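The next block holds one structure in the form of C-alpha cells; read it before the comments.
Side chains included, hydrogens not; waters and symmetry mates left out as well; all remaining heavy atoms used. Model, not experiment: these values are computed from the prediction.
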Amino acid sequence: MIATFLFLCTLFNLTLRSAHANRASLLQDSQLPLSTSGRDIVDAHGEVVKLACVNWYGAHMETFAVNGLHKRTLTEIVDQIADTGFNCIRMPFALDLTFKPDFIVPTVALTANPDLIGKTGLEVFHITMKALTDANIVVFLNNHNSVAAWCCNIDSLDGLWSNDAYNAEQWIESLVYLADYYKDDKHVIGMDLRNEIHDVRNSNRYITWGESKDIDNDWKHATEVASAAIYEKNPGWLIIVSGLCFSFDLRKMVDNLPDLKQENKLVWTTHYYSFSRWWQKMENQVLQRHLEMTWIDLQGVTVKWIIGSSFALIILTVMLSARLKFKKLNDWYFFPREPKVTVAAICFSLSIYCVLLIFGLEIGATAVREGYDEGGCATMAIEADMMDIGRSCAIALAIISGIVHVGLMYMLNTGMAFRREDHDMKFDEYSDREIEMQRLSNEGMEDGRKGSNSSDGPGGGVTKVADKSCMCCDFLIFTLLHNIFIVLILILAVASAANHLANKTETYAMFHDELYGKWMLQNHNAPVLVGEFGTGSDGSSTAETDYWYAMTRFLKEYDLNYAYWPWNGERWNNSTLAFQNEGYGLVKEDWATIRRPKIVNDLIALND
C-alpha cells in the first residue's frame with residue numbers, strides 16, 4: 001500500500017512537471033522559426049509558446065565574453081540554465097564585438113575553460129551560442145551598446161544606435177553580419193535591435209518616432225531600415241523593438257507600427273526595475289535624503305497627525321458650537337449656526353485637501369522629472385501628464401478655496417452673534433439703546449449703574465462702552481479659536497494628502513496602471529516581451545519586495561514573455577580588472593548555487 005502511494009505521488013509530480021514543461025519547454029527544430037499572432041508568440045505550427053528567458057551578459061563588456069567562464073565550464077552553465085527551467089537566453093553584445101574581430105579574450109575571463117584561452121571575442125561568442133542552441137535553448141541577440149563596457153546611464157550615447165563610436169550604417173552592418181552568420185541555426189530566433197533607447201540631452205540628441213526619415217534620430221525609420229537589411233539575410237528572425245524612454249514607453253509606437261518586410265515578426269520589448277519609477281525615486285531622493293524615512297514610515301507619522309488634528313478639531317468644534325455667554329449679554333450666541341456657514345467650512349476643508357493632494361503628487365513628479373526629461377520621457381510619461389493636469393487643477397482649486405475662505409470669514413464676522421428670539425437679525429442691527437435695555441432687564445438698574453464709568457444715566461454712552469468692550473474681547477477670542485480651527489484643517493489636509501499618497505504607493509493598482517498604460521496592453525498588434533527586470537532583494541527591502549510581488553503578479557496576469565536580468569553570479573569590473581558580485585544574479589559568485597531560490601521559483605511559476 002505504501003509503495004503504491006509513493007508511486008502515485010511520484011507519478012503525480014511527474015505529471016505536474018510535464019504540464020509545467022509544456023508552457024516553457026525547450027523548443028525543437030520542428031517548432032522553429034517563431035512568429036507572432038496578436039499578442040502571442042507562436043511556433044511554426046501556430047501553437048503559442050512561452051519564452052522564459054534570462055539575460056546572460058558579458059559579451060557586451062570589456063572582456064568580449066560572457067561572464068562565468070572563469071568559474072565553470074561552458075557546458076556546466078548551459079546545462080544548469082536549462083535544468084532550472086529556462087528555455088531562452090537574451091544575449092547582449094556590443095558593436096565592438098563584430099568590428100574588432102581580432103580582440104583576444106583575457107585569460108582571466110576563461111580560466112575554467114582552457115580550450116577557449118587564446119581565442120578572440122567573436123570566436124568565444126560563436127562557441128557560446130552553439131553550446132546554447134545545441135542544448136535546444138533558443139537565443140535572441142541584443143545589441144546592447146556600441147563600445148564594449150557596462151551600460152547605461154542617462155548621459156550615455158549608447159542609448160543611441162548612431163553615435164560618435166559607430167554610425168547608423170555600421171550599426172546595421174553589425175546586425176546583418178550576425179543575421180547572416182546564424183541564418184542556418186533555427187534556435188537563434190531574432191534580434192533585439194538596440195537596448196534602452198533614450199535622448200541624450202547633453203549631446204543635443206533627441207529621439208523621435210515616425211516624425212522624419214532621419215536614420216540617426218528617428219527610431220521608427222531606423223527600425224524599418226535595419227529590419228529590411230536583416231530580412232535579406234534572415235527572413236525568419238523576430239524583430240524585437242525597444243520602447244522609448246529606456247525601453248519603457250510604447251504609447252507613441254503601438255499606434256504607428258513600423259513597416260516591416262517581415263510579416264508577423266514584430267515584438268515590442270520593455271524594461272522595468274523598482275528604482276526607475278517615480279514613487280521609488282521620490283522615496284530615495286526626497287523622503288530618505290531629507291526626512292530619513294520611507295513611505296511606510298510616512299504612513300505611521302501621518303496617521304498620528306491625522307488622529308491628533310482630528311481629535312483637536314472635534315474639541316474645538318464643540319467649543320465653537322456651544323453657547324458661549326457674553327459677560328453682560330447672556331442671551332447671545334457666540335458662533336453662527338446657519339447651515340450656509342457649515343457648508344462653507346466643509347467646502348473649504350475639502351478644497352484645501354484637494355489642493356494639497358495634487359501639489360503632493362506634483363512634488364513627487366517634480367522630484368524625478370529631471371531624469372525623465374533627460375531621457376526623452378517627460379512629454380510622454382504619466383508623471384508629466386499628472387503634473388500638467390495637477391497644476392491646472394491645483395490653481396483652480398486654490399482660487400476656489402480662497403473664495404470659500406473669504407466668504408467663510410465674511411459670514412463668520414458679520415453673522416457671529418444671533419439672538420434667540422430672532423436669528424435673522426445681526427448684532428450690529430440693534431441700537432445702543434436696545435442693548436442697554438436688554439442689559440438692564442437681565443441684571444437690574446442698580447447693577448447696571450455700578451458697572452458704568454460715567455454719570456450719563458441709563459440711556460447714555462457709558463453702558464454702551466462697557467458692552468462694546470465686552471463684545472470686542474469675545475470677538476478676539478473667537479478670532480483666535482477660528483484661526484486655530486483653520487490651522488488644524490491645514491494640518492489635517494497635509495497629513496491626509498501625504499497619507500493618501502503613501503498608501504497609494506503600496507498598492508498593486510498603482511503599479512498595474514503605470515505598466516498597463518505605458519505598455520499599451522489593451523492593443524493586440526504585437527507581443528510584449530519584458531526584456532529586463534530583476535531584484536536585488538532578499539526580503540530585507542520593503543520597496544524591492546513590493547516591486548517583486550507586483551512585477552510577478554503583472555507578468556502572470558497578462559502572461560507576458562520575459563527575460564530576467566541576469567543569470568550572472570558576477571560581472572567584470574574593468575577599473576579593478578577583476579570580477580565582482582552581481583547582486584541581482586540568480587546564482588551566487590560560485591556560479592553554481594542558486595542565490596535566492598524564491599526568486600527562481602517565482603519565475604518558473606510564471607510558466608505554468
is_close_aromatic([X], [Y]), centroid dist under 6.0 Å:
| X | Y | value |
| --- | --- | --- |
| H60 | F93 | no |
| W171 | Y166 | no |
| H187 | F140 | no |
| Y272 | F533 | no |

Can a salt bridge be assigned to the pair [X] and [Y] using a cut-off of 4.0 Å between side-chain N and carboxylate O?
| X | Y | value |
| --- | --- | --- |
| D559 | K50 | yes |
| K261 | E232 | yes |
| R90 | E532 | yes |
| K71 | E570 | yes |
| D199 | R205 | no |
| R194 | D158 | yes |

Looking only at the side chains, is there a donor atom on one of [X] and [Y] sitting less than 3.5 Å from an acceptor on the other?
| X | Y | result |
| --- | --- | --- |
| Q31 | H45 | no |
| W572 | N574 | yes |
| T73 | N113 | no |
| E196 | S247 | no |
| T36 | N264 | no |
| S37 | D40 | no |
| D218 | W209 | no |

Quick check: closest heavy atoms across [X] and [Y], and the distance to 0.1 Å?
| X | Y | answer |
| --- | --- | --- |
| C151 | N195 | SG-ND2, 4.5 Å |
| V147 | N145 | O-ND2, 3.3 Å |
| A52 | G85 | CB-O, 4.4 Å |

Task: Stepwise side-chain hydrogen bond (donor to acceptor under 3.5 Å, both in side chains) check, N167 with S162 - done: CA-CA 4 Å; N167 59 34; S162 176; 6.0 Å; no
Kindly indicate whether the side chain of [X], heavy atoms from C-beta on, has any atom under 4.5 Å from the side chain of [Y].
| X | Y | value |
| --- | --- | --- |
| I230 | W237 | yes |
| W567 | W591 | yes |
| C245 | H198 | no |
| L586 | I599 | yes |
| F579 | N573 | no |
| L157 | L160 | yes |
| F64 | I104 | no |
| N581 | K588 | no |

TODO: Is it possible for you to check whether R553 lies under 6.0 Å from the centre of the six-membered ring of Y508, through NZ or CZ, and within 45° of that ring's axis?
DONE: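 Yes, a cation-pi geometry holds between R553 and Y508.
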Task: Name of the residue among Y584, Y273, Y57 meeting ring pair (Phe, Tyr, Trp, His ring centres under 6.0 Å) with W565 - done: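 Among Y584, Y273, Y57, the one meeting ring pair (Phe, Tyr, Trp, His ring centres under 6.0 Å) with W565 is Y57.
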- [ ] Check the pair Y182 / V139 against side-chain contact (heavy atoms from CB on, under 4.5 Å), numbers first and verdict last.
- [x] CA-CA 11 Å; Y182 291 114; V139 183; over 6 Å; no
TODO: Describe, in one word, how the ring planes of Y181 and Y177 are oriented to each other, choosing from parallel (under 30°), tilted (30 to 60°) and perpendicular (over 60°).
DONE: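 Correct class here is tilted.
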- [ ] Assign the ring pair F554 / W519 to parallel, tilted or perpendicular, where the plane angle (0 to 90°) is split at 30° and 60°.
- [x]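 The rings of F554 and W519 stand perpendicular, inter-plane angle above 60°.
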Any chance [atom1] of [X] has more than 12 other-residue heavy atoms, nucleotides or ligands included, within less than 6.0 Å?
| X | atom1 | value |
| --- | --- | --- |
| D164 | CG | no |
| K556 | NZ | yes |
| Q522 | CD | yes |

Open item on the list: So does Y549 get a backbone contact from the side chain of T552, meaning a donor-acceptor N/O pair under 3.5 Å?
Closed with: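 Yes, the answer is positive, given that a donor and an acceptor are paired below the 3.5 Å cut-off.
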TODO: Would you confirm whether N607, through its side chain, and L51, through its main-chain N or O, come within 3.5 Å as a donor-acceptor pair?
DONE: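 Checking the backbone N and O of L51 against the side chain of N607, no donor-acceptor pair under 3.5 Å is found.
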